[in-house]
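Note sheet for the following structure.
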Amino acid sequence: MSKRERGLCFIKYCSLTSWLLYCCVFINLVNGYTVKNCTVRGALKYAENINVLCNKRSLHFVPGNIPDKATHLDVSDNLIQKIKKENFSQLSNLKNLSAQHNRIREVEDGAFSSLVALQELNLACNKLTDILGGMFQNLGNLTVLHLNENLITNINFSAFSPLISLKKVNLTRNHLNTISKVQPLFLLPQLQEVHVGINGFTSFQSSEVSNISLRLKVLDLSKNPLKVFSITADIFPLLDNLILAFITENMTWDVQDKRYLKSVQHLNVSGIQLPLEKITDLLQTFNSSLASLRLHSLGDVKVRALIRNVCLISSLRFLGLQRNNITSISKDEMQFCTQLTELDLSHNRLSSVPAVVRSLPGLHLLDLTFNNITNISRVDFANLTQLRTLQIFGNKISLIEDFAFKDLKALATLMIGSNRLPNGYFKKDLPKLESLDLSNNKLDSLCRGDFESLKSLKNLSLPDNKISSIEAGAFNGLTNLTFLNLQSNKLSQSSIKESVFSSLPNLKTLLLNNNHISYDNQEALAQPPFQNLGKLKTLNIFSQINTGMRHLPLNLFMGLRSLEELQAENLNINSLHPDTFTYTPSLLELDLNRNNFNSLTGTEFLPLRVLKTLHLSKLGLQSLDFLINANLSKLRLLHVSKNRISVINETLIQSLPTLIYIDLQANSLSCDCSNAWFVNWTIRSNETQVESGYELTCNYPDKLKGHKLLDLDVGSCNVDVGFFCFISTTTLVSLTLLSSFLFHFLKWQVIYAYYLLLAFLHDNKQQRKLNDLQYDAFISYNVHDELWVMRELLPQLEDEQGWKLCLHHRDFEPGKPIMDNIVDGIYNSRKTICVISRHYLESEWCSREIQVASFRLFDEKKDVLILVFLENIPSHQLSPYYRMKRLIQKKTYLSWPKPGEDTRVFWQKLRVALETKDTSEE
Ligand SMILES: *[C@@H]1O[C@H](CO)[C@@H](O)[C@H](O)[C@H]1NC(C)=O
Ligand SMILES: *[C@@H]1O[C@H](CO)[C@@H](O)[C@H](O)[C@H]1NC(C)=O
Ligand SMILES: *[C@@H]1O[C@H](CO)[C@@H](O)[C@H](O)[C@H]1NC(C)=O
Ligand SMILES: *[C@@H]1O[C@H](CO)[C@@H](O)[C@H](O)[C@H]1NC(C)=O
Ligand SMILES: *[C@@H]1O[C@H](CO)[C@@H](O)[C@H](O)[C@H]1NC(C)=O
Ligand SMILES: *[C@@H]1O[C@H](CO)[C@@H](O)[C@H](O)[C@H]1NC(C)=O
Ligand SMILES: *[C@@H]1O[C@H](CO)[C@@H](O)[C@H](O)[C@H]1NC(C)=O
């Protein structure tokens, strides 16, 4: 057998192994973890809910290889036009499928039929026109179906019949025009909610729907051009909520017996375009059961005329009067409304709290948001001793008179944000208040005792004010406070003294982000501000305005022994003192994104023994090797996108034994053998998900820039005996099975290949010992270094020393495939000399030449490679060339002397290297 055939055989063998490797990979993908085009949330390892997110990715098709354990799949906001039969064929665990906001026109028959566990299906906002008979086959567990905002004109009579568990369906905004098209829906045994607003229905008649009693609870017919609404039989004995908002026609209301709608408690006739008498007539039907009535968007005149009658409904508790342009409302108009407990007057044009409110002492909830109220007088809320919730944000209130809240003895929630309030006001009254929202007002300082009377307060929200100073004792009395929001103010380091937070023993959440806090150095503070917050769980300090925080004093977090979450991104910090986190041993999540660390050693994180989530994105990191020292033995999620990381090595990943997720997007990954292990691991690991693994791109070498990292052929990077053995043993079994199969069909080719293989093995053992090689050395070099090869190397080695070299431009057989030439060249030469320069590393190092030579190195256990460095390449620049680094650690290599230096020693060494014969490595 010729050398050429042997070379070919070698290549065939390689492609067979890589084909088998590909198969293993492929089989793994089905259960795998890095799903093309998608993000997986939830860990296979911990058998949690598996949420596969493939939304907003401009996909034209449903991605393949969704893990069959997936319980939630989101393919919404894409460009999918068709759901194919095979798309979901193995997803028998799926509970929730979101496919809204696509361009789906067609769903193949039976496309959902494998989704036996499906509970919620969302196909809203697509282009479906017809619902075919087989569409919902087997969806016996489906409870919620969204088909709103499509172009549906037809629904097959039997399409809905498999949906025996369906409770809720939304068909709002479609092109349905007769109730008969949706009639089969109403007969489903579990159906409770039907939303069919914004279609073209012109009549709704109970006789078209059913002749037997149904279990329907919610019926939404809003925005249809209904001319007739007719109930002539008791088919809705359980109907609770009827929505007839914005009916656009002069509808005939025909309910023969009031008892047919006796269960309706909630009625929405907002914006209904009926004359006043007809509305009054309609409301008569409900005069015994109604508890809540929405009369939004009817206009000032109509609504005020209606109120008196409406309040005669003795069961009425909630009255909604939103968006009616009401400017005032008199006591007289509401004199019969004393039974009300909830009144919604939001989005009107009231300039003060209407006096009528005072005569409704039974109110629990009063909503006055988005009006034009400018002040609150001391009588406005008189008598409202039962009021629990007062919503009055979005007005123009700049003054609250003293004692205005005196009677609000039961008030628990006060939302008075987005007004023009200055400081003060909460020193007295409101002993039951639990939640106070003062966001977006004009507060500029907090003084001692400002909240003193609020003994029950749990949540205090003060964001978006102009608070720059907080007096010691400002939060005195707030012993029950658990949540304090001070974000987006003008606080500086001097406003958050220790004495400020010392009276908040139960505080769990403190938000201080977007202020002006900064420190000049890392030195210990005399009075660390959070010392007394031993129960604090969440602290936000991110994004300090102007200069950023700049430094974290080493004892800033002193006292925070329960802290679980620290958001410290975007602070312009460039170093961390090793003691910074010694005070926060309970930390579970740490966010340090967008800072400027010069160097991290990893030891900063040593105190964080239970850390589960670490955010280190946008930090300019070049390597994650420091994490090896951090001992993050509980870390589950690692976010390191938008850095300059080039290599992820095995040692690092192994130092994170509980990792289930890593986000490495937008880094500078090297597409060469240095990442071979990472590539294999990304594809194969079923424990750790690499975010958008298939989208990761190479930044290096230049010619692969922008290529996908996982497209890198790493099969030839592994010269490890261990890896080879692994491949051989795993493939041997498959090979045996496969070969009998192949033999049957490809008998002659197999026999031929068998003889080739025999010859190859024989050749290996015997023939090479004969030492009948054609060349002494094969020269592998980059075209940029050709001059040096021709002018220096060739004359010296061939003419002076008398070696016979194989150079491709000279010795390659014309017309023969380049690969064959390379294999022949290498196998016909005793040695391979690699002329290494930066150019060579960038383009030649992962080339076929070097792969073949490496294989030979392994295959024959001979010292065949000679490395000649043409330029001085510092060791750290070699680090991406993992395999190269290993070679130069094991072997001697030669360096071409600097210009002007004597070259004799170099040539002498090269001669010795070429003379060395058959020296076995290791
Ligand atoms: C992950 O893969 C390993 C080996 O391939 C296997 O033993 C293990 O059962 C797999 N785990 C899961 C959760 O699939
Ligand atoms: C359907 O729901 C029932 C009741 O919740 C449950 O027992 C059954 O396992 C579900 N079927 C599937 C295939 O999940
Ligand atoms: C039904 O669909 C409409 C239109 O998309 C949407 O506005 C509404 O919130 C949905 N209602 C429910 C109950 O899902
Ligand atoms: C109800 O009965 C009437 C009279 O028998 C019939 O015309 C109508 O089609 C029936 N409606 C339904 C939905 O079955
Ligand atoms: C009542 O109808 C109006 C107008 O369609 C809508 O904004 C509101 O959400 C509805 N309320 C309920 C409880 O359905
Ligand atoms: C409070 O209610 C009582 C009894 O309804 C009434 O006499 C009194 O005028 C009310 N107070 C105010 C300030 O309206
Ligand atoms: C990974 O990198 C670290 C630090 O550079 C090094 O100590 C370790 O040996 C490397 N591991 C492997 C498997 O190359």
Side-chain angles (χ1 to χ4, degrees), residues 76 98 100-101 120-126 128 143-152 166-174 176 192-199 217-224 240-248 264-273 290-298 318-324 342 344 346-347 367 600-602 621-630 645-656 670 673-678 680-681 717-718 720 722-723 875-876 878-887 889:
S76 63
S98 301
Q100 67 272 28
H101 290 283
E120 183 160 351
L121 173 59
N122 196 337
L123 290 167
C125 306
N126 278 294
L128 293 170
T143 54
V144 182
L145 175 61
H146 306 265
L147 288 168
N148 40 304
E149 306 201 32
N150 276 282
L151 307 168
I152 301 170
L166 196 69
K167 289 206 168 105
K168 174 170 162 179
V169 63
N170 195 345
L171 275 161
T172 304
R173 205 184 277 279
N174 274 291
L176 298 163
Q192 295 182 356
E193 282 192 40
V194 175
H195 298 266
V196 286
I198 326 186
N199 274 285
K217 290 189 173 157
V218 180
L219 177 59
D220 179 357
L221 286 165
S222 50
K223 299 193 184 171
N224 275 298
D240 170 77
N241 189 353
L242 180 59
I243 304 167
L244 294 169
F246 295 96
I247 297 294
T248 52
V264 174
Q265 294 200 46
H266 306 275
L267 179 66
N268 190 343
V269 290
S270 302
I272 196 166
Q273 293 181 13
L290 210 58
S292 105
L293 175 61
R294 284 184 164 78
L295 297 173
H296 308 166
S297 308
L298 285 171
F318 171 90
L319 182 58
L321 300 172
Q322 273 185 30
R323 296 172 205 273
N324 280 311
E342 302 183 11
D344 178 359
S346 63
H347 296 272
D367 191 341
L600 288 171
T601 61
L621 299 174
Q622 299 195 359
S623 157
L624 290 179
D625 290 345
F626 63 91
L627 288 178
I628 296 171
N629 308 322
I645 301 161
S646 58
V647 178
I648 298 292
N649 88 10
E650 187 175 358
T651 318
L652 168 69
I653 296 295
Q654 273 163 4
S655 73
L656 304 170
S670 289
C673 293
S674 57
N675 271 325
W677 180 86
F678 176 65
N680 279 326
W681 176 78
C717 290
N718 293 280
D720 283 18
F723 176 74
S875 168
H876 71 268
L878 272 178
S879 51
Y881 306 96
Y882 160 76
R883 209 155 40 109
M884 165 80 71
K885 235 182 148 177
R886 279 187 12 162
L887 282 173
Q889 275 159 8

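Just so you know, ligand 1 is whichever comes first in the structure, and atom 1 is the first atom listed for that ligand.
Among protein heavy atoms, the minimum distance from atom 14 (O) of ligand 5 is reached at Asn268 ND2, 3.3 Å. For atom 4 (C) of ligand 3, the nearest protein heavy atom (residue, atom name, distance) is Glu149 OE2, 3.4 Å. Closest to atom 10 (C) of ligand 3, if we only count protein heavy atoms, is Asn170 ND2, 2.4 Å.
Side-chain contact between Arg294 and Gln322: absent, with no pair of heavy atoms (C-beta onward) separated by less than 4.5 Å. Looking at heavy atoms from C-beta onward, Arg173 lies out of side-chain contact with Asn148 at the 4.5 angstrom threshold.
For Asn170 and His195, the side-chain atoms include no donor-acceptor pair closer than 3.5 Å. Checked by atom type, the side-chain pair Glu149/His101 shows no donor-acceptor distance below 3.5 Å.
For atom 7 (O) of ligand 5, the nearest protein heavy atom is 4.0 Å or more away.
Under a 4.0 angstrom heavy-atom cut-off, Arg294 registers as being in contact with ligand 5.
Asn324 places a side-chain N or O within 3.5 Å of a backbone atom of Ser297 that can act as its donor or acceptor partner. Without hydrogens or angle criteria, Asn150 side chain to Asn174 main chain gives no donor-acceptor distance under 3.5 Å. Side chain of Asp220 to main chain of Ser222: a donor-acceptor pair is present (N/O by atom type, distance under 3.5 Å, no hydrogens or angles).
Ligand 7 has an N or O atom lying under 3.5 Å from an N or O atom of Asn649, backbone or side chain. For Asn148, a nitrogen or oxygen atom sits less than 3.5 Å from a nitrogen or oxygen atom of ligand 3, counting backbone and side chain alike.
For ligand 5 and Ala245, the ligand atoms under 4.0 Å from any heavy atom of the residue are 2 (O), 4 (C), 5 (O). Each of the following atoms of ligand 5 lies closer than 4.0 Å to a heavy atom of Phe246: 4 (C), 5 (O). Numbered from 1 in the order shown, with element, the atoms of ligand 5 that lie under 4.0 Å from a heavy atom of Ile243 read 14 (O).
The side chain of Lys168, and not its backbone, has at least one atom closer than 4.0 Å to an atom of ligand 3 (non-hydrogen atoms only; side chain from C-beta on).
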Fill in: Test log, rule side-chain contact (heavy atoms from CB on, under 4.5 Å), inputs Asp240 and Val218
CA-CA 6 Å; Asp240 170 77; Val218 180; 5.6 Å; no
